[in-house]
Amino acid sequence: MSEYTIDQAVFPLPSGWFDRSLNVLGPEPSVDEFKVLVSRADQNGRTLDDFVSSQVKDLSQRMPWFEEKGRDERVVAGLRALSVRSTFRDGKNEMFQQQVTLVVRGKFVTFTAASLARVEEACSKELARLLATVRVRPILDEGR
Amino acid sequence: MRTYHTDELLFDVPDEWSDRSVNIFVSAPGDRVPFNIVVTRDPLGDAELRPFVLGKLKEISKSVPKLNILGQRERMVGPLSGLEARIQWPVQGGTMYQHQVYVPYYGEVLVFTASSVVKLAPQCDAYLEQMLSGIKFRKQ
């Protein structure tokens with residue numbers, strides 16, 4: 001049994017269970033379809049670079065008109081992170097997204113900011129603001 | 001701005017942002033898992049919890065044929081007063097079971113849903129109770 005933290009509470013989680021949580025945050029309603037997602041994947045021995053490459057490959061196969069616009073390295077919460085900027089089509093809308101992935105305690109944690117492509121600069125700026133405030137949660141339960 | 005808490009990280013978000021996160025916990029890797037517990041959030045505003053839950057169950061019964069509501073009742077979750085419902089419905093080759101617990105939290109409803117096949121219902125309930133019996137809510 002380990003403690004699991006969500007924004008509203010902390011609760012015990014049975015040992016050996018897997019976390020597939022997805023955080024969905026943003027203004028509601030959002031005229032520019034802006035939102036921030038936080039997703040997780042088990043590291044399972046993969047490197048950050050390999051994971052991000054496989055993520056991009058997966059997106060390119062799933063998203064209509066997916067195009068990678070750029071990739072760079074940065075530091076988030078004192079940890080190495082990789083950022084990928086891309087565009088894709090969602091129905092009639094040209095969309096933009098920026099994904100920033102880092103490794104935290106054996107998990108890949110990916111922040112995805114998405115919006116209409118016409119406001120991509122504002123989308124990236126808001127993500128940068130958020131990422132500048134990211135801190136790693138201190139481990140309270142050493143048994144986890 | 002306020003601090004948003006996840007299991008791994010903390011970060012600051014504007015006060016007006018909404019949280020439509022879905023926490024999904026599965027007892028095994030892969031697609032066919034014996035047990036899962038999902039935590040979702042819905043806006044409640046000034047509405048009462050009971051009509052909200054009735055509305056949710058009605059909504060589910062529209063999309064799930066032959067849904068059977070086994071029971072509903074009030075319950076406490078930590079210091080908060082909530083409602084719980086147990087439902088089941090037939091699927092190909094068996095019957096699914098779900099135990100839902102609804103808790104009002106600062107104008108929202110947190111919904112804890114544990115699911116399994118009906119023959120594993122007692123264990124499914126036990127996992128959910130384990131989680132809820134140790135829950136500590138964050139004060140805003």
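Model, not experiment: these values are computed from the prediction. Convention: sequence-line order gives letters A, B, ...; per-chain numbering from 1.
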Contacts of residues 51-71 of chain B with chain A (heavy atom under 4.5 Å): none
Does any part of the side chain of A:I6, heavy atoms only, come nearer than 4.5 Å to the side chain of A:F11, both counted from C-beta? yes
Among A:V104, A:L13, A:V10, which has the most heavy-atom pairs under 4.5 Å with chain B? A:V10
Is it true that a side-chain atom of B:R41 and a backbone atom of B:V39 form a donor plus acceptor pair closer than 3.5 Å? yes
Donor + acceptor pair across side chains of A:Q99, A:T112 (<3.5 Å): yes
Side-chain donor-acceptor contact under 3.5 Å, A:Q98 with A:S124: yes
Sorted by number, residues from residues 30-56 of chain A in contact with chain B (heavy atoms, under 4.5 Å): A:F34, A:V36, A:V38, A:R40
Side chain to side chain, B:R73 and B:R86, heavy atoms closer than 4.5 Å: yes
Smallest separation among heavy atoms of A:G106 and A:V103, with atom names: N-CG1, 4.3 Å
Any side-chain heavy atom of A:Y4 sitting closer than 4.5 Å to one from B:F25? yes
In terms of heavy-atom pairs under 4.5 Å, which option from A:T133, A:L130, A:V136, A:D19 contacts chain B the most? A:T133
For a quick test of reading the model, state the closest non-hydrogen atom pair linking A:R129 to B:P14 and the distance between them. NH2-CD, 3.6 Å
A:V109 versus chain B, heavy atoms under 4.5 Å apart: side chain, backbone, both or neither? side chain
Going by residue number, which parts of residues 129-140 of chain B are within reach of chain A, meaning a heavy-atom gap below 4.5 Å? B:Q130, B:M131, B:G134, B:I135, B:K136, B:F137, B:R138
Check whether more than 12 heavy atoms from other residues, nucleotides or ligands sit under 6.0 Å from atom CG of B:D46, and answer yes or no. no
Who wins among B:R20, B:E8, B:E108 for the most heavy-atom pairs under 4.5 Å with chain A? B:E8
To the nearest 0.5 Å, what is the distance between OG1 (B:T40) and CG (B:N23)? 9.0 Å
Any idea which of A:L25, A:D7, A:L102, A:V134 has the most non-hydrogen atom pairs under 4.5 angstrom with chain B? A:D7
Counting only non-hydrogen atoms closer than 4.5 Å, can you tell me which residues of residues 61-93 of chain A sit against chain B? none
Structural part of A:L22 lying under 4.5 Å from a heavy atom of chain B: both
A:F18 and B:V33: side chain to side chain contact (heavy atoms under 4.5 Å, CB included), yes or no, with the steps? CA-CA 10 Å; A:F18 296 83; B:V33 295; over 6 Å; no
Please report the closest heavy-atom contact between B:S27 and B:P34, naming both atoms and the distance. OG-CD, 3.5 Å
Polar side chain donor-acceptor pair, B:D42 to B:Y102, under 3.5 angstrom: no
For B:S81 and B:L49, work out which heavy atoms get closest and say how close. O-CD2, 4.4 Å
What part of B:L10 gets within 4.5 angstrom of chain A, counting heavy atoms only: side chain, backbone, both, or neither? both
Donor-acceptor check, side chain of B:D7 to backbone of A:T5, threshold 3.5 angstrom: yes or no? yes
Look at A:A9, A:A132, A:G26 and state which one has the largest set of heavy-atom pairs under 4.5 Å with chain B. A:G26
Between B:Y127 and B:F35, how do the two ring planes meet: parallel, tilted or perpendicular, split at 30° and 60°? perpendicular
